[in-house]
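Report on the structure given below.
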Amino acid sequence: MTFFTLRTLYVCMDYRAVETTDEYVARLETGSDWRAEIEALAADVDAGAAWFTALGAVQDAELAFYDQDDLEYYSIDADEPLEVASCVGNVSWLNGDRFAHTHVVLSDADGETISGHLNEATVWAGEVYMRVFENDLEREHDETTDLDLWL
Amino acid sequence: MTFFTLRTLYVCMDYRAVETTDEYVARLETGSDWRAEIEALAADVDAGAAWFTALGAVQDAELAFYDQDDLEYYSIDADEPLEVASCVGNVSWLNGDRFAHTHVVLSDADGETISGHLNEATVWAGEVYMRVFENDLEREHDETTDLDLWL
Amino acid sequence: MTFFTLRTLYVCMDYRAVETTDEYVARLETGSDWRAEIEALAADVDAGAAWFTALGAVQDAELAFYDQDDLEYYSIDADEPLEVASCVGNVSWLNGDRFAHTHVVLSDADGETISGHLNEATVWAGEVYMRVFENDLEREHDETTDLDLWL
């Protein structure tokens, strides 16, 4: 007789239950850097792991695209005011610093859209919702992708 | 001997801890207005502050882009059915009314994408997740951007 | 004398209060399917209803657009590496299986963007935040849209 359970289903992915200790809304400062502001918020509330979504507008932006063959980031400059139609990301430790891994969708006066990994952007106005997790996340080098990944 | 702490780091941005009182999932009504439906949900559950993400599709949409020189919104019409590939926003008080500040990313039959600030859109199907915060958020005029911002 | 309350406002939409039982962060496995990984996570934690946001990159993707006249999904192939600039979705039951309704915004080396309903995509790297709700959501056929909707 064989006992089995559906819970034995093999899942390759890594995952972890998280406990939220606190939640914040923030208004990013006009003229500051979008990502640095989010990292400053995380630092100010002592967050070693967090998840956020956001919206707003920027005065300019530098995005990046990760080339999966070259295993390198190439930057994409956007030198004009753009709406932040979407922003999703998380905060974790990377080489001893808080890093806000931030992806954005940006749009111009015609609604035309560019998007990707955010390096930096000058805030026009930004509204952020952040959840802080009890246990820190730390990025470590992943051989397959040559990226710094957590879990 | 000098004592110092990283907590003395100056953070320009405004932020506030929030307490979530309740959470909702909603299905927006086909034929209604996307943003008005979200405001109606907020009103129906007595929310004076909330954060939401959503996805779905619309029959048409009017986006807007805020011109950072003219300090005015200019509208962008999209007169066709579009997927709502992303929707992020928040609810706060604006001049005595609940206002759902809503940014969306919309896509057509080829995946081509327009995005920005949402004025209005006729719902085809919409799925929303909303968190309601205990303390209200209220928008007030910001001189620098000529926008109504909270915090 | 008449008593009345704003709560009598008629709201057509369906909505439901949800209770979150647990929250997870996950790192999707390189080479696996983006949506199947999210469904595997939901299965592994016994989730019958969940909401998620995510970001990352994929090696290729098949999106879909729902034609509101034909009432059919048409697929859109993207045969190249793309950033996942945004991902929003939810898990519910559909015909006895867990279904991760997933919308994504994808971008190429120039930041050029396609977006829509996600059928499948090969993960390069993926970071997911998922909230699991106590009560299941189940999709049922909706006559108006010919879609399977919950609530």
Side-chain angles (χ1 to χ4, degrees), chain B residues 20-34 36-47 52-60 80-88 98 103-115 122-132, chain C residues 6-20 49-53 61-69 73-78 85-90 92 101-107 112-118 131 133 135 137 142-151:
Chain B
T20 297
T21 54
D22 37 352
E23 308 173 60
Y24 298 90
V25 291
R27 166 181 159 183
L28 305 182
E29 181 81 4
T30 306
S32 66
D33 179 65
W34 186 279
E37 282 277 277
I38 291 173
E39 288 162 356
L41 168 61
D44 209 54
V45 301
D46 283 328
F52 59 87
T53 54
L55 66 160
V58 293
Q59 300 172 242
D60 53 45
E80 57 173 342
L82 296 158
E83 297 286 317
V84 179
S86 165
C87 175
V88 180
R98 284 178 179 87
H103 280 201
V104 292
V105 182
L106 306 173
S107 59
D108 70 11
D110 299 315
E112 282 183 24
T113 301
I114 60 168
S115 58
T122 310
V123 173
W124 173 254
E127 300 175 351
V128 179
Y129 167 67
M130 180 184 284
R131 301 176 66 76
V132 176
Chain C
L6 283 173
R7 295 298 300 271
T8 58
L9 176 74
Y10 184 63
V11 177
C12 290
M13 102 193 75
D14 290 309
Y15 68 89
R16 178 195 297 183
V18 290
E19 296 277 343
T20 296
W51 196 270
F52 58 87
T53 55
E62 185 190 283
L63 301 181
F65 178 82
Y66 192 72
D67 189 300
Q68 300 176 201
D69 294 316
Y73 274 110
Y74 293 104
S75 65
I76 304 163
D77 282 314
S86 165
C87 175
V88 180
N90 56 72
S92 60
H101 186 206
T102 307
H103 280 200
V104 292
V105 182
L106 306 173
S107 59
E112 282 184 22
T113 302
I114 59 168
S115 58
H117 178 94
L118 181 69
R131 302 177 66 77
F133 302 136
N135 295 119
L137 285 167
D142 172 62
E143 281 208 10
T144 311
T145 60
D146 202 28
L147 287 168
D148 295 304
L149 303 176
W150 37 249
L151 289 183

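Here the structure is a predicted model, which is why all the values come from computation and not from measurement. Letters go in sequence order (proteins before strands), and every chain restarts at 1.
Of the atoms belonging to C:Val104, it is backbone heavy atoms, and not side-chain ones, that fall under 4.5 Å from chain B. Heavy-atom distances place the side chain of B:Val105, and not its backbone, under 4.5 Å from chain C. Heavy-atom distances place no part of C:Tyr74 under 4.5 Å from chain B, backbone and side chain included. Of the two parts of B:Ala125, only the side chain, counted from C-beta on, holds a non-hydrogen atom closer than 4.5 Å to a non-hydrogen atom of chain C. Contact of B:Val123 with chain C is not made at all, since no heavy-atom distance falls under 4.5 Å. Heavy atoms closer than 4.5 Å to chain B are found nowhere in C:Leu106, neither backbone nor side chain. The contact between B:Thr30 and chain C is made entirely by side chain atoms (from C-beta outward), counting heavy-atom distances below 4.5 Å. Using a 4.5 Å cut-off between heavy atoms, C:Leu147 touches chain B through its side chain atoms alone. With a 4.5 Å cut-off on non-hydrogen atoms, C:Thr145 touches chain B through its backbone and its side chain both. For chain C, no part of B:Val88 is nearby; none of its heavy atoms comes within less than 4.5 Å.
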Side chain to side chain contact (heavy atoms under 4.5 Å, CB included) assessment of B:Glu112 paired with C:Phe65: CA-CA 11 Å; B:Glu112 282 183 24; C:Phe65 178 82; over 6 Å; no
Test log, rule side-chain hydrogen bond (donor to acceptor under 3.5 Å, both in side chains), inputs C:Thr20 and B:Glu23: CA-CA 8 Å; C:Thr20 296; B:Glu23 308 173 60; 2.8 Å; yes
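Considering every non-hydrogen atom in both C:Gln68 and B:Ala57, the closest pair reads OE1-CB, 4.0 Å. Closest of all the heavy-atom pairs between C:His103 and B:Val84 is ND1-O, 2.7 Å.
Note: B:Tyr24 and C:Tyr15 have perpendicular aromatic rings, judged against thresholds of 30 and 60 degrees for the angle between ring planes.
Distance check: B:Leu55 CG to C:Thr53 OG1 gives 11.5 Å after rounding to the nearest 0.5 Å. Rounded to the nearest 0.5 angstrom, B:Asp110 CG and C:Ile114 CD1 are separated by 10.0 Å. Interatomic distance, CG of C:Leu149 versus CZ of B:Arg27, reported as 4.5 Å (0.5 Å rounding).
Between chain C and the options B:Ala54, B:Cys87, B:Ser32, the largest number of non-hydrogen pairs under 4.5 Å is found for B:Ala54. Contact tally against chain C (heavy-atom pairs below 4.5 Å) for B:Val132, B:Asp108, B:Leu82: the top residue is B:Asp108. In terms of heavy-atom pairs under 4.5 Å with chain C, the best-connected choice from B:Leu28, B:Asp22, B:Val128 is B:Val128.
Taking the six-membered ring where the residue is Trp, the centroids of C:Phe133 and B:Tyr129 are separated by under 6.0 Å.
Between the side chain of C:Arg16 and the backbone N or O of B:Val25, no donor-acceptor pair lies under 3.5 Å. No donor-acceptor distance shorter than 3.5 angstrom exists from the side chain of C:His117 to the backbone of B:Glu83, with no hydrogens or angles considered.
Looking only at atom types and distance, the side chain of B:Thr113 has a donor-acceptor partner in the side chain of C:Ser115 under 3.5 Å away.
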